[in-house]
2 protein chains.
Amino acid sequence: MAVNGVGIRDVARLAGVSITTVSHVLNDTPNTRVSAETRARVREAAAQLGYGPNRAARALRTNRSGLIGLLSEEIATTPHAGRIILGAQDAARAHDLTLVIVNAERESSASAHEDYVQTLIDRQVEAVLYATMYHRRISVPANLRRVPAVLIDATDEDGVVPAVVPDEVGGAVTAVTHLVEAGHRRIGFLNNDDDVPATHERLIGYRQVLHRHGIPIDEHLVRQAPSETLPGYALAREMLAGDDRPTALFCYNDRMAMGAYRAAAELGLDIPRDLSIVGFDNQELIAANLFPGLTTVALPHYEMGEWAVETLVRLLGGEAELPHDGPTRLDCPLVTRGSVAAPQPHRKA
Amino acid sequence: MAVNGVGIRDVARLAGVSITTVSHVLNDTPNTRVSAETRARVREAAAQLGYGPNRAARALRTNRSGLIGLLSEEIATTPHAGRIILGAQDAARAHDLTLVIVNAERESSASAHEDYVQTLIDRQVEAVLYATMYHRRISVPANLRRVPAVLIDATDEDGVVPAVVPDEVGGAVTAVTHLVEAGHRRIGFLNNDDDVPATHERLIGYRQVLHRHGIPIDEHLVRQAPSETLPGYALAREMLAGDDRPTALFCYNDRMAMGAYRAAAELGLDIPRDLSIVGFDNQELIAANLFPGLTTVALPHYEMGEWAVETLVRLLGGEAELPHDGPTRLDCPLVTRGSVAAPQPHRKA
DNA sequence: CTGAAAGCGCTTACAG
DNA sequence: CTGAAAGCGCTTACAG
């Protein structure tokens with residue numbers, strides 16, 4: 001029996017046809033001719049009985065579980081994972097697939113990660129999605145190569161597993177362009193100091209924009225520190241102390257921006273009148289709760305989750321191998337709040 | 001075929017027994033006598049082949065899917081949901097159950113919520129967990145009553161579905177007691193103004209502690225506003241403006257506390273020297289990124305998720321109906337950071 | 001102590 | 001255009 005106790009034979013009986021026909025109609029089996037009238041009768045009977053197929057029976061017969069696994073780091077710590085899950089889920093539902101989620105602890109060993117993947121394989125998922133907490137290059141667990149898989153927010157060092165990541169360069173370009181268009185020419189960049197793709201790529205974007213607008217690059221305006229509130233605060237204090245301070249700050253992430261807010265407050269600088277700030281990440285909890293709200297760049301977590309499932313479905317459907325010219329990059333849109341304004345014409349040194 | 005293509009017959013063949021025996025041994029079927037020697041042979045064969053049962057076949061045969069559904073509001077917006085998921089997942093895995101998650105939009109209609117539940121039922125879950133984003137009294141979707149279910153962070157208005165919620169009174173008692181023990185007697189309470197259980201129960205806890213320590217209640221020190229940063233800021237400004245200002249603030253949540261930090265900064269009050277603050281929620285992103293770190297009360301999300309699954313398992317196992325003397329309340333522990341100190345002996349008015 | 005056999009509810013070649 | 005039948009991989013009464 002399936003959902004609520006009605007099976008395919010009940011539908012067949014009510015419609016006055018064989019279960020074969022019911023199956024064909026309800027699954028739209030290709031190359032099967034069933035009269036329009038019979039189809040209608042079957043559908044009506046199914047609807048009337050509230051019939052839904054028994055998934056276990058179908059899975060057993062077709063050898064497809066209808067499950068796809070999502071292995072995600074630190075589900076509980078950041079809302080980022082939540083948005084990946086949402087995107088993946090919505091896409092999964094559209095294909096009548098069920099998402100099974102497993103949490104991975106970030107600092108765990110390679111063998112622990114193999115175990116996470118194994119958990120999913122034991123649950124008979126048809127494919128697995130592997131999401132990291134922030135954009136990283138990783139070497140994937142060995143057993144991940146033996147199932148259809150897609151990486152989210154991570155790229156495979158060996159370039160064999162398809163991957164989707166944020167367009168970091170583009171995001172930085174968007175942020176800095178926003179500042180330039182507001183009239184700023186002295187724009188500081190509080191960068192992360194980890195050797196991760198975002199660090200390098202956002203710097204590239206920053207430079208591109210300045211170059212494109214003929215603004216000379218002042219190396220004093222680019223500094224690096226761990227991407228936390230406190231280091232962000234310290235960096236901002238330093239950078240805002242000098243005579244020729246920047247009129248705007250582009251921050252590697254919202255937490256560093258939070259530190260910059262504090263530095264500005266201590267120096268008596270009003271945001272956005274005396275200082276404009278743009279962050280990165282769009283962590284609602286921070287960005288929306290600062291005064292004024294932080295204008296920042298959003299990471300496309302939902303979209304990456306969605307893209308990953310769509311790609312998996314194509315993979316499972318045997319559609320042409322994904323082109324392997326590197327990972328797919330998704331747009332990072334600007335979220336405008338209140339932290340950017342035109343620079344003051346006469347600001348005091 | 002099951003995982004990696006090996007089925008029960010392969011194990012049977014290798015062990016030189018029937019598949020019946022393999023099944024009995026691997027499932028530890030009660031009341032079945034199999035010689036120790038045979039058992040060992042079977043287990044060894046299974047291990048050697050890396051055998052795992054085909055879950056679809058088992059589900060079909062036993063009419064148990066091994067799936068439990070979790071319907072959670074706003075998975076993508078707060079890390080709270082993430083911790084519920086984690087707790088539920090760990091417990092589910094311990095019982096060899098797989099968790100299937102569905103996101104519910106918070107403001108959606110009753111019929112939308114029925115649809116969410118239906119999605120889960122269609123996926124043939126054995127039971128469902130229903131989690132709200134914050135402690136609420138709700139009227140559960142009608143179809144939720146037709147499956148084994150447990151509420152998380154919510155109570156059923158009609159008291160029929162088992163539920164687990166945070167011990168709000170206890171959490172407030174812990175917070176305010178911490179302040180009293182640090183030496184404070186004038187403790188302000190920035191409360192929420194929504195008519196939700198937490199609002200009322202945290203106030204009860206606040207009063208209890210003052211009463212217990214013989215501290216008279218000053219109604220000027222209890223104010224209500226929406227539980228956001230800005231209203232928290234405004235309330236704190238008001239309360240800290242007067243002559244006889246409190247030396248400590250207990251805030252309904254971390255966001256209001258964030259507002260209080262800003263008010264303190266504007267008034268030149270150092271935290272914790274001039275003003276101690278305790279929050280509620282333990283939202284890492286806020287609490288850990290404030291200066292100094294915010295001492296706050298944690299909500300037992302992980303534990304609620306865990307408890308809910310354990311309860312569901314007992315329900316499915318037909319164990320005694322849960323006692324219906326209201327929802328189960330779980331502890332809200334204090335997380336100490338740097339925002340509490342003894343009050344200054346001579347503070348200026 | 002062990003095994004042969006039925007059957008869970010579907011899908012799918014195949015026959016007509 | 002429609003249906004009878006096999007079979008997916010297990011579990012479980014039942015027989016011996």
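These numbers come from a predicted model, not from an experiment. Naming: A, B, ... by sequence-line order, numbering from 1 per chain.
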- First of B/His24 and A/Ala57 reached from the 5' end of DNA chain D, by closest nucleotide: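 In this pair, the answer is A/Ala57.
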- Item | Where at least one partner belongs to residues 60-75 of chain A, residue pairs that pass salt bridge (Lys or Arg N to Asp or Glu O under 4.0 Å), sequence neighbours excluded |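 Output for this query lists A/Arg64-A/Glu126, A/Glu73-A/Arg136.
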- Is there a donor-acceptor pair closer than 3.5 Å between any side-chain N or O of A/Arg93 and the backbone N or O of A/Leu99?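 Here the side-chain-to-backbone pair does not exist.
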- Determine the interplanar angle of the A/His113 and A/Tyr130 rings, folded into 0 to 90°, and report it as parallel if under 30°, tilted if 30 to 60°, perpendicular if over 60°.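 Plane angle between 30° and 60°, so tilted.
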- Message: If the cut-off is 4.0 Å, is B/Thr21 near the phosphate of C/dG3, judged by side-chain N/O to OP1 or OP2?
- Response: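 Yes, because at least one side-chain N or O of B/Thr21 sits under 4.0 Å from OP1 or OP2 of C/dG3.
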- Message: Side-chain N or O of B/Asn27 versus OP1/OP2 of D/dT11: is the shortest distance under 4.0 Å?
- Response: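 Yes, B/Asn27 has a side-chain N/O under 4.0 Å of OP1/OP2 on D/dT11.
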- Query: Between B/Arg61 and B/Thr20, which has a closest nucleotide on DNA chain C that is more 5'?
  - Reply: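 In this pair, the answer is B/Thr20.
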- Task: Assign each of B/Thr62 and B/Ala36 to its nearest nucleotide of DNA chain C by heavy atoms, then name whichever residue's nucleotide is nearer the 5' end.
- Result: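 It is B/Ala36, whose closest nucleotide lies nearer the 5' terminus.
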- Between C/dT11, C/dG3, D/dC10, spot the one nearest the side chain of A/Ile8, thanks.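 Out of C/dT11, C/dG3, D/dC10, the nucleotide with an atom closest to A/Ile8's side chain is C/dT11.
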- Message: Side chain of B/Val17, heavy atoms from C-beta onward: which of C/dC10, D/dT11, C/dG3 has the nearest atom to it?
- Response: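 Output: C/dG3.
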- Message: In dot-bracket form, 5' to 3', how is DNA chain C paired? Count Watson-Crick and G-U wobble pairs only if both distances fall under 3.5 Å, and write | where the partner sits on another strand.
- Response: |||.||||||||.|||
Rounded to the nearest angstrom, tell me the gap between atom [atom1] in [X] and atom [atom2] in [N].
X	N	atom1	atom2	answer
A/Arg39	D/dC1	CZ	P	10 Å
B/Ile19	D/dC10	CD1	P	8 Å
B/Asn63	C/dG7	CG	P	16 Å

- Message: I need the B/Asp153 CG to B/Leu299 CG distance, nearest 0.5 Å.
- Response: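 Result: 6.5 Å between the selected atoms.
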- Just checking B/Ser35: base, sugar-phosphate only, or nothing, at a heavy-atom cut-off of under 4.0 Å?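 Sugar-phosphate: the residue B/Ser35, judged by heavy atoms under 4.0 Å, touches backbone atoms but no base.
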- Query: NA contact type, A/Thr38, heavy-atom cut-off 4.0 Å: base, sugar-phosphate, or nothing?
  - Reply: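 Since only primed, P, OP1 and OP2 atoms lie under 4.0 Å of A/Thr38, the category is sugar-phosphate.
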Atom pairs and distances, side-chain donor-acceptor, residues 139-152 of chain A, under 3.5 Å, sequence neighbours left out:
residue, atom, partner, partner atom, Å
A/Asn143, ND2, A/Glu114, O, 3.0
A/Arg145, NH2, A/Asp158, OD2, 2.7

- Query: Would the number of heavy atoms belonging to other residues, nucleotides or ligands and lying under 6.0 Å from CD of B/Glu157 be above 12?
  - Reply: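 Yes, enclosed.
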